[in-house]
Engineer: 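Quick one: the structure is below, and I'll ask about it shortly.
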Amino acid sequence: YLPALSHSGDQLAFISKRTGESQLWIKNYSSGELVGIELPDQGRRFHDLVWSADDQHLLASTNTGLLVYSLPDGEFTHRISLPLPAYATSWVDATTVAFSHYEDGRWRAYHYALASGATVALDERWAATVTSTDQQLFIDQSLTVHRDGETLNELASCAPLIWRYQLRLRIDRDRLVCHAGDAANDLLVFGADMTATRLPDVVSRYEFFSVRDDALATTLVASAYSDIMRTQRAH
């Protein structure tokens, strides 16, 4: 679960419990290599994975804080403890990450400097922010999206933008992608002119997804139920 396509589209990060514990894996499509990353501790629940703009680092949001994994170094370089759960995590730039807390009945957006460990609260108007090399979005307390001083009212047709700790709005170069509010299995793709194209039945009930150019990675729930059965062995 939590598929995350790199910006180049050559790598896919995801979480798997194939070893019994939640573990980070990276699939390299160029080499075909699949690598499991050893975690600094076990028992974490992962909420989101986000690639840095240069595809050299992965930001992982977990129930015990944030982790930053460096691909060149082959290790987790930062373990960030937070007083509250982190929502809507993203990269601001190569040395700064963003996250949001829900506190005192409202959202609050923060930036965290990796080098200094300093946390800066954004204006109280903002619930969350998300940045790419192509655009920067600010999301207010009503979860309305703003870009360059313009309100993107077209995104009102999206499903709730914050869901299960994730910001469920993806930036794909000059496009914005979200779950459709009127159909749980559809995605809406907004072009540079904010005209929407619908991708029908490509996700499973608001489950996790990642998109990069023509590539889509998603999690499909095979079954919502588990059955426990007991059999009596005949003698």
Side-chain angles (χ1 to χ4, degrees), residues 1-15 29 46-53 55 58-59 61 86-92 98-100 102 107 109 125-222 224:
Y1 64 106
L2 299 182
L5 285 162
S6 64
H7 294 276
S8 67
D10 290 336
Q11 298 180 93
L12 175 70
F14 61 93
I15 302 297
Y29 290 109
F46 285 82
H47 297 153
D48 204 0
L49 297 174
V50 187
W51 288 92
S52 61
D55 290 338
L58 268 170
L59 172 63
S61 173
Y87 293 79
T89 51
S90 66
W91 289 90
V92 180
F99 61 90
S100 298
Y102 191 74
W107 295 103
R125 177 187 180 189
W126 304 124
T129 65
V130 59
T131 303
S132 74
T133 55
D134 300 283
Q135 51 188 309
Q136 184 175 31
L137 307 178
F138 289 86
I139 302 170
D140 66 22
Q141 294 295 326
S142 66
L143 301 187
T144 300
V145 182
H146 305 262
R147 181 180 59 195
D148 298 330
E150 176 188 4
T151 302
L152 302 183
N153 293 314
E154 295 86 349
L155 297 181
S157 57
C158 295
L161 295 183
I162 297 180
W163 178 268
R164 295 183 184 177
Y165 300 98
Q166 282 193 334
L167 180 64
R168 309 307 294 273
L169 178 65
R170 299 287 184 257
I171 301 178
D172 180 30
R173 310 198 192 282
D174 63 347
R175 305 187 304 171
L176 300 177
V177 187
C178 68
H179 290 280
D182 60 354
N185 294 353
D186 296 358
L187 294 179
L188 297 178
V189 181
F190 294 86
D193 62 354
M194 294 305 295
T195 299
T197 300
R198 183 179 292 265
L199 302 180
D201 202 27
V202 293
V203 290
S204 177
R205 290 188 58 80
Y206 300 137
E207 284 297 331
F208 312 107
F209 78 94
S210 180
V211 61
R212 183 62 55 194
D213 298 325
D214 294 329
L216 172 69
T218 186
T219 300
L220 299 178
V221 178

Engineer: Do the side chains of Ile139 and Trp107 get nearer than 4.5 Å, heavy atoms only?
Structural biologist: no
Engineer: Please tell me if the side chains of Leu176 and Leu137 come closer than 4.5 Å, counting only heavy atoms from C-beta onward.
Structural biologist: yes
Engineer: Just so I know, are the side chains of Trp51 and Gln11 near enough to count as touching, which here means a heavy-atom distance under 4.5 Å?
Structural biologist: yes
Engineer: Is Ser204 close to Thr219 at the side-chain level, that is, under 4.5 Å between some pair of heavy atoms?
Structural biologist: no
Engineer: Could you tell me if the side chain of Asp182 sits less than 4.5 Å from the side chain of Arg198, heavy atoms only?
Structural biologist: yes
Engineer: Are any non-hydrogen side-chain atoms of Phe190 and Leu152 less than 4.5 angstrom apart?
Structural biologist: no
Engineer: Can any side-chain N or O of Gln166 pair as donor or acceptor with the backbone N or O of Leu161 at less than 3.5 Å?
Structural biologist: no
Engineer: Would you check, one step at a time, whether the test side-chain contact (heavy atoms from CB on, under 4.5 Å) holds for Arg125 with Phe138?
Structural biologist: CA-CA 9 Å; Arg125 177 187 180 189; Phe138 289 86; over 6 Å; no
Engineer: What distance separates Leu199 CG from Asp186 CG, expressed to the nearest 0.5 Å?
Structural biologist: 8.0 Å
Engineer: Please round to the nearest 0.5 Å and tell me the distance separating atom CZ of Arg212 and atom CZ of Arg175.
Structural biologist: 9.0 Å
Engineer: Considering non-hydrogen atoms only, spot the tightest contact between Ala217 and Leu12 and give its length.
Structural biologist: CB-CD1, 3.8 Å
Engineer: Keeping His179 on the side-chain end and Pro160 on the backbone end, is there a donor-acceptor pair under 3.5 Å?
Structural biologist: no
Engineer: About how many Å separate CD1 of Ile15 and CZ of Phe46, when rounded to the nearest 0.5 Å?
Structural biologist: 4.5 Å
Engineer: When rounded to the nearest 0.5 angstrom, what distance separates CG in Leu143 from SG in Cys158?
Structural biologist: 11.0 Å
Engineer: Work out which heavy atom in Ser90 is nearest to a heavy atom in Leu59; give both atom names and the distance.
Structural biologist: O-CD2, 3.6 Å
Engineer: Consider side-chain contact (heavy atoms from CB on, under 4.5 Å). Of Leu167, Thr129, Thr89, which one does Phe99 pass it with?
Structural biologist: Thr89
Engineer: Could you tell me the separation between the OG atom of Ser100 and the CD1 atom of Ile162, rounded to the nearest 0.5 Å?
Structural biologist: 6.0 Å
Engineer: Assess the residue pair Asp213 and Arg173 against the criterion (side-chain contact (heavy atoms from CB on, under 4.5 Å)); give the C-alpha distance rounded to whole Å, side-chain angles, the decisive distance to 0.1 Å, and a yes or no.
Structural biologist: CA-CA 8 Å; Asp213 298 325; Arg173 310 198 192 282; 2.8 Å; yes
Engineer: Please confirm whether the backbone N or O of Asp174 pairs with a side-chain atom of Asp134, one donor and one acceptor, at under 3.5 Å?
Structural biologist: no
Engineer: Quick one: are Asp148 and Gln135 in side-chain contact, heavy atoms under 4.5 Å?
Structural biologist: no
Engineer: Could you tell me whether the side chain of Trp91 and the main chain of Val50 form a donor-acceptor pair under 3.5 Å?
Structural biologist: yes
Engineer: Please determine whether side-chain contact (heavy atoms from CB on, under 4.5 Å) holds for the pair Phe209 and Arg170, giving the CA-CA distance in whole Å, both sets of side-chain angles, and the decisive distance to 0.1 Å.
Structural biologist: CA-CA 9 Å; Phe209 78 94; Arg170 299 287 184 257; 3.5 Å; yes
Engineer: Does a side-chain heavy-atom distance below 4.5 Å link Trp126 with Asp140?
Structural biologist: yes
Engineer: Supply the atom-to-atom distance Phe208 CZ to Phe14 CZ, rounded to the nearest 0.5 angstrom.
Structural biologist: 14.5 Å
Engineer: Going by atom types alone, do Thr195 and Asp193 pair a side-chain donor with an acceptor below 3.5 Å?
Structural biologist: yes
Engineer: Passes side-chain contact (heavy atoms from CB on, under 4.5 Å), Leu187 versus Val211? Steps please.
Structural biologist: CA-CA 10 Å; Leu187 294 179; Val211 61; 5.9 Å; no
Engineer: Any ion pair linking Arg164 and Asp48 (charged N to carboxylate O, less than 4.0 Å)?
Structural biologist: no
